[in-house]
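These notes are about the structure you will find just below.
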2 protein chains.
Amino acid sequence: MQSKHPAGRLPDPPNPIADDGDEAHFCGTCAFSSACVAAGYHKPDLAALQCLVEHVGPFRAGEHIFRTGDPFRAIFAVRGGTVKTRMVDKEGREQVLGFYLPGEVIGLNAIYPEHFPCDAVALDTTFFCRFSFPAMSALASRIPAVQQHLFRMLSKELGTASLLAGDHSADERVAAFLMDLASRYAARGFSGTRFHLSMSRGDIANYLRLAAETVSRVLSRFRIQKLIQIEGRELQVLDPKGLRAIGQSLLPE
Amino acid sequence: MQSKHPAGRLPDPPNPIADDGDEAHFCGTCAFSSACVAAGYHKPDLAALQCLVEHVGPFRAGEHIFRTGDPFRAIFAVRGGTVKTRMVDKEGREQVLGFYLPGEVIGLNAIYPEHFPCDAVALDTTFFCRFSFPAMSALASRIPAVQQHLFRMLSKELGTASLLAGDHSADERVAAFLMDLASRYAARGFSGTRFHLSMSRGDIANYLRLAAETVSRVLSRFRIQKLIQIEGRELQVLDPKGLRAIGQSLLPE
DNA sequence: CGCCTAATTGAACCAATTCAAACGCTGTGG
DNA sequence: CCACAGCGTTTGAATTGGTTCAATTAGGCG
């Protein structure tokens with residue numbers, strides 16, 4: 001996935017969602033694939049699941065998928081590209097809540113308030129599967145696997161605050177952030193050692209509750225220490241063990 | 001887990017759950033009350049809901065309701081008392097994840113991993129309703145209101161990270177913490193201006209990512225500024241508007 | 001080419017931490 | 001009954017990691 005043309009301002013989406021003809025393959029990296037499988041690809045249930053999905057996009061860097069206060073009607077699975085969610089307080093200060101990679105889902109935190117409590121902003125060219133939530137819950141009532149999948153996704157997201165937890169040094173936070181990204185990319189079949197940072201240093205810093213300058217300094221230090229290779233936003237993890245060791249107290253296990 | 005007499009030192013709990021005879025009234029402050037109401041108090045569904053509930057407790061200060069790694073079988077609604085959830089990293093450092101008051105639910109973050117990812121520790125004498133999660137999901141499939149209620153609880157908890165978000169001063173954090181507690185107490189019918197802090201300064205500090213000394217200093221300052229009255233753990237909010245103003249960027253609205 | 005924004009790097013500063021000491025409360029044991 | 005130990009809390013003084021301010025460099029695009 002991940003558009004073939006990652007850079008921002010292309011006149012037109014390079015590869016409009018072209019693989020619709022091969023749903024089974026397309027869904028392989030989708031957040032709902034396991035639910036689909038559980039529902040059974042050949043049962044009529046699957047038709048219902050397909051039915052409530054809508055492919056949306058492309059959105060380009062800086063565009064909003066939804067905005068704070070928008071009425072909640074659907075959740076979005078990222079098919080390609082990267083998204084940040086953020087809140088903006090009334091003084092205009094931004095607070096980055098998270099980054100979402102292909103296969104991950106945004107909008108779950110809007111179920112309860114029934115309005116989106118945050119903005120979702122594309123960091124590069126992004127595509128989504130849009131799932132009508134009312135239709136999804138109705139389906140969940142009929143198909144236990146779908147219900148279970150929703151419960152699990154929600155519960156999983158509850159465990160995601162860990163990168164921000166605790167009083168940890170800038171080094172720990174940045175190392176843990178990089179390894180978290182790496183493992184999430186790896187989990188979706190991308191390289192876990194070489195990837196593109198779709199977000200700016202400022203976004204990373206904001207997310208980690210650091211200053212952009214601090215993130216820059218830490219990354220420079222990691223490079224000097226041969227933990228990573230980084231040029232602009234192209235990252236290569238040279239010493240995963242070393243990074244993991246630094247960020248260990250913030251990472252799983 | 002959940003023995004009636006959890007190894008405690010008291011010969012007997014002061015006020016053993018005495019209101020079982022009046023379920024409807026008892027459930028008034030319960031986290032599931034709205035689901036019960038939606039299910040209809042007089043339908044057979046309600047019987048099913050009652051059926052999967054088990055009253056557990058008392059637990060006394062310091063006792064564990066569940067521990068990291070315990071297999072996930074149930075969620076717990078706090079009936080009385082206060083609970084903290086926490087993680088302990090391998091260096092032995094504690095990380096407080098949250099405090100839970102009567103009417104609130106713990107254990108939702110264990111659905112996905114299928115094991116509790118944290119400890120739950122009683123801060124004072126606590127009682128719970130224990131809901132078998134398999135039974136609960138089965139019921140949710142049959143009763144849309146129950147399913148919706150679970151979705152909403154999960155989603156609501158996703159929005160709870162806000163007190164920790166952002167780079168905010170100690171004053172902002174503490175003020176927001178106090179007002180958050182106040183509003184949660186008020187929402188459950190307790191006083192929102194006078195309440196007991198069941199947790200130590202150290203727990204508050206850990207939760208807010210501050211040092212215990214800092215919390216102590218801020219509280220002292222707030223007292224001098226006549227924002228609060230505080231003696232030990234007995235708190236009275238004298239100037240809710242003032243506190244809210246200080247913590248505004250961390251609080252709803 | 002030149003503008004604009006992002007990123008890097010250096011130096012000064014500051015809020016919160018750490019270190020340290022004293023106080024108060026509670027439970028224990030002589 | 002009182003002395004003592006242990007823990008939580010408060011308060012003061014010194015330290016520091018990260019921020020802020022500032023200047024420079026690099027990169028993308030009209």
Side-chain angles (χ1 to χ4, degrees), chain A residues 5-11 60-62 84 93-96 121 123-125 164 166-178 196-225 228-235 246 249, chain B residues 8-11 60-62 84 93-94 96 121 123-124 164 166-177 196-225 228-235 246 249:
Chain A
H5 300 272
R9 312 269 174 66
L10 293 175
R60 266 161 322 104
K84 73 171 171 184
R93 286 178 304 209
E94 178 178 7
Q95 175 61 240
V96 174
V121 182
L123 294 176
D124 45 28
T125 303
L164 315 167
D167 67 327
H168 294 282
S169 70
D171 283 29
E172 288 178 290
R173 283 170 199 264
V174 175
F177 173 74
L178 296 178
H196 180 80
L197 296 172
S198 319
M199 64 296 288
S200 69
R201 302 289 191 271
D203 282 338
I204 297 173
N206 185 306
Y207 174 65
L208 297 177
R209 292 74 177 109
L210 297 169
E213 293 91 329
T214 304
V215 170
S216 187
R217 275 184 253 270
V218 172
L219 289 176
S220 297
R221 188 151 6 97
F222 284 176
R223 181 180 46 216
I224 292 166
Q225 297 171 329
I228 60 173
Q229 176 65 39
I230 189 166
E231 281 180 45
R233 295 186 177 184
E234 292 307 319
L235 178 78
I246 294 172
S249 64
Chain B
R9 318 266 177 59
L10 283 180
R60 270 168 312 106
K84 74 171 171 184
R93 286 178 303 211
E94 179 178 9
V96 174
V121 182
L123 294 176
D124 45 26
L164 314 168
D167 65 330
H168 295 282
S169 71
D171 284 29
E172 289 177 290
R173 281 170 201 264
V174 174
F177 173 74
H196 179 81
L197 297 172
S198 320
M199 64 296 289
S200 70
R201 304 287 192 272
D203 283 337
I204 297 173
N206 186 306
Y207 175 64
L208 297 176
R209 290 76 178 109
L210 298 169
E213 293 92 327
T214 304
V215 170
S216 185
R217 275 184 253 270
V218 172
L219 290 175
S220 297
R221 189 152 5 95
F222 284 176
R223 180 180 46 217
I224 291 167
Q225 296 170 330
I228 60 174
Q229 176 65 39
I230 189 166
E231 282 180 46
R233 296 185 177 185
E234 292 307 318
L235 179 77
I246 294 172
S249 64

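Quick caveat: nothing in here was measured; it's all calculated off a predicted structure. Chain A is the first sequence line, chain B the second, and so forth, proteins listed ahead of strands; every chain is numbered from 1.
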Spacing between R201(B) atom CZ and dC25(C) atom C1', to the nearest angstrom:
13 Å
Non-hydrogen side-chain atoms of L208(B) and T214(B) separated by less than 4.5 Å:
no
Divergence of helical axes at both termini of the helix from dC1(C)-dG30(D) to dG30(C)-dC1(D) - five pairs an end, 10° steps:
30°
Reading DNA chain C from 5' onward, which residue's closest nucleotide shows up sooner: V215(A) or A170(B)?
V215(A)
Qualifying residues under side-chain contact (heavy atoms from CB on, under 4.5 Å), relative to R221(A), sequence neighbours excluded
D171(A), V218(A), Q225(A)
What's the CG-P distance between L210(B) and dG17(D), to the nearest Å?
18 Å
Given atom CZ of R209(B) and atom P of dA16(C), what is their separation to the nearest angstrom?
16 Å
Between dG8(D) atom C1' and E231(B) atom CD, what is the distance in whole Å?
16 Å
Output all residues satisfying salt bridge (charged side-chain N to carboxylate O under 4.0 Å, His left out) with E94(A), sequence neighbours left out; order by chain, then residue number.
K84(A), R86(A)
L219(B) CG to dT10(D) P, straight-line distance once rounded to whole Å
7 Å
Rounded to the nearest Å, what distance is computed from the CG atom of residue D167(B) to the P atom of nucleotide dT17(C)?
13 Å
I need the NE2-P distance between H196(B) and dG8(D), as an integer number of Å.
14 Å
Partners passing side-chain hydrogen bond (donor to acceptor under 3.5 Å, both in side chains) against D167(A) (at least two apart in sequence or in another chain):
none
Please report the C-alpha distance between F177(B) and V215(B) in whole Å, then the side-chain angles of each, then the deciding distance to 0.1 Å, and finally whether the side chain to side chain contact (heavy atoms under 4.5 Å, CB included) criterion is met.
CA-CA 11 Å; F177(B) 173 74; V215(B) 170; over 6 Å; no
Atom CZ of R221(B) and atom C1' of dA15(C): how far apart are they, to the nearest Å?
10 Å
With a 4.5 Å heavy-atom cut-off, do I230(A) and F222(A) have their side chains touching?
no
Out of dA16(C), dT20(D), dG18(D), which nucleotide sits closest to the side chain of S169(B)?
dA16(C)
Can you find a pair of side-chain heavy atoms, one from L219(A) and one from L178(A), that are under 4.5 Å apart?
yes
Can you give me the N/O atom pairs linking the protein to nucleotides 11-15 of chain D at distances under 3.5 Å, or say none if there are none?
residue, atom, partner, partner atom, Å
dT11(D), OP2, S220(B), OG, 2.4
dG12(D), N7, R217(B), NH1, 2.9
dG12(D), O6, R217(B), NH2, 3.4

Could you measure the distance from the CZ atom of R201(B) to the CZ atom of R233(B)? Nearest 0.5 Å is fine.
7.0 Å
Does a side-chain N or O from R233(B) land closer than 4.0 Å to OP1 or OP2 of dT9(D), or not?
yes
Sequence neighbours left out, what passes side-chain contact (heavy atoms from CB on, under 4.5 Å) with E172(A)? Give chain and number order.
H168(A), S169(A), S249(A), L250(A), R93(B)
